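Side chains included, hydrogens not; waters and symmetry mates left out as well; all remaining heavy atoms used. What you are looking at is a predicted structure, and each value in this text was computed from that prediction instead of being measured. Naming convention: chains lettered A, B, ... in sequence-line order (proteins, then strands); numbering from 1 in each chain.
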Protein chains: 2
Amino acid sequence: MIPLLAEVFREHGYEGATISRIHDKTGFGRGSLYHFFPGGKEDMAAAVLAEVDGWFEQHIFEPLRQADDAELAIGQMFDAVTTYFRSGGRVCLVGAFALTDARNRFGAAVGGYFARWIEALALALRHAGASDSMAVALAEDAVLGIQGAIVIARSLDDRAAFERAMQRIQARTLVWKE
Amino acid sequence: MIPLLAEVFREHGYEGATISRIHDKTGFGRGSLYHFFPGGKEDMAAAVLAEVDGWFEQHIFEPLRQADDAELAIGQMFDAVTTYFRSGGRVCLVGAFALTDARNRFGAAVGGYFARWIEALALALRHAGASDSMAVALAEDAVLGIQGAIVIARSLDDRAAFERAMQRIQARTLVWKE
DNA sequence: ATGATATTTGAACGATCGTTACACTCTGGA
DNA sequence: TCCAGAGTGTAACGATCGTTCAAATATCAT
C-alpha cells in the first residue's frame, strides 16, 4: 500500500496527490485511507517519506557505514541507486519535495535524509583513505550529482544520460586525487 | 508581472500555484489575469517558462556560444547562475517542473531548455580545446551538478553547500584531463 | 454463537479549485 | 466630446478539494 501511495506522491507531488488519485491508485476508499492515516494527507506523505528513508537506511546508508570494503560498497551504492530510480525514470520523492513548499512541511525528514546519505558516503570514503575534507566534498558531489541526473534524465527523457552520469560520478568518486 | 508569476510557480509548483495565490502575489484580479492569459493557468505557466528561457538564452546560452574567451565565459556562467538561483535559495522552475507531471504538459519547453544549455556549454568547451565527447560529458555534468546543488542546498537549508558545489564543479569543468 | 474490534463504504460537509460572464473604469485618438 | 477598446473588479458557475461521519461489513478471540 505504501509503495502505491509513494507512486502517487512521486508522480504528482504533494499538492497534486489528491485523495481521488490516491483512491484510484490504491483502491482504498476514503474511509479506509483515513482509518490508516488519521492525520490525512500529511500523515500519508509522512508515512511514505518514512518508508523511503527506511529503505535507504537499510540498502544504502547502513551498508556504506558498515562496509569492510568501502570501494565495493560505494560501487554497490551506484548500482542500487540506478535500479531504484530506474535510470531516472523514477523521481526521488525527497528531492521532489525539496523543490516545492512541501519542504516547509517535511523539512526535518528531507534534510535528515540527505544529511545522513552524505555522512554515510563520506564515512565510507574516509574508510577508503580519503581525508576528512576530501571525503565530505566527494560525498556531497556524488549525492548532488545523483539528484541532478534525475532532473536532467527526466527533462531530456533520456535514461542513457542518467547512466552516463552515474558512470562519470562513480569514476571520480572512487578515483580521487588529493 | 511575469517575475511575480514565476515566483508563485517556483514556490508552489504548477499544481500548487492557485489563482488565489497568483492574485495575492501579483495584485491582479481574476479578470485581469484572464485578460492577459486567455488560456488560464497553463497559459501563465507557459509565459513564465518562455520568460525564463529567454533570460537564459540572453545571459547564459548565447554568451557561451559567442564567447571569444571560452574559459572566461564559463566562469561567468557559474557566477551568473549562482546569483540567479541565489545560492540555492531560489529554485530552478524548469527543473522543478521536470520532477512532477507538469513535465508532461511542458515537455518540449523543459527538454529544450536543458538541451540548449548543455549544447551551448559543450560548444564553449570544444572552443576551449576539449574533444567532442569530453565537451559533452563535462557539459552534462556541469548542468546536472547545478540542478543537484539546488536540490541539496534547499534540502539542507544551506547556501554555503551550493557555493561549495559551484566551486568544485567549475574547477573540474575548466581543468579537465582527457 | 456472541460481542468487541478492525476495516470499509459512500454520502455529505464547507472550502477552494479554475474558469466564465458581465458590468465597470480607464485611456487615447478622432 | 465622444467612442472604441483595453483593462479591471466581482459575483457566480460546476467541479473537485481534504475531511468527517454514521452505518454496514469483516475478522476473530472467547
Angle class for the B/F36/B/F28 ring planes (parallel below 30°, perpendicular above 60°, tilted otherwise)? perpendicular

Please determine whether a side-chain nitrogen of the Lys or Arg among B/R21 and B/E11 lies less than 4.0 Å from a carboxylate oxygen of the Asp or Glu. no

Honestly, is A/R105 close enough over A/Y14, meaning NZ or CZ under 6.0 Å from the six-membered ring centre and within 45° of the axis? no

Parallel, tilted or perpendicular, judged at 30° and 60°: which one describes the rings of A/W117 and A/F114? parallel

Please list residues of residues 8-25 of chain A whose heavy atoms come under 4.0 Å from any atom in DNA chain C, ordered by number; otherwise none. none

Are A/I74 and A/L123 connected in a single hydrophobic cluster, I mean Ile/Leu/Val/Met/Phe/Trp/Tyr linked by side-chain heavy atoms less than 4.5 Å apart? no

Can you confirm if the aromatic rings of B/Y113 and B/F56 lie within a centre distance of less than 6.0 Å? yes

I'd like to know if B/R65 and B/E62 make a salt bridge, using a cut-off of under 4.0 Å between side-chain N and carboxylate O. yes

Quickly work out the A/M44 CE to D/dG18 P distance and round it to whole Å. 9 Å

Polar atoms only, N or O, under 3.5 Å: list the protein pairs with nucleotides 8-11 of chain C and their distances.
unit_1: C/dT8; atom_1: OP2; unit_2: A/S32; atom_2: OG; d: 3.3
unit_1: C/dT8; atom_1: O5'; unit_2: A/S32; atom_2: OG; d: 3.2
unit_1: C/dG10; atom_1: O6; unit_2: A/G31; atom_2: N; d: 3.3

d(NZ, A/K41; P, D/dT20) in whole Å: 14 Å

Of all the heavy-atom pairs spanning B/L121 and B/A142, show the shortest one and how long it is. CD2-CB, 3.7 Å

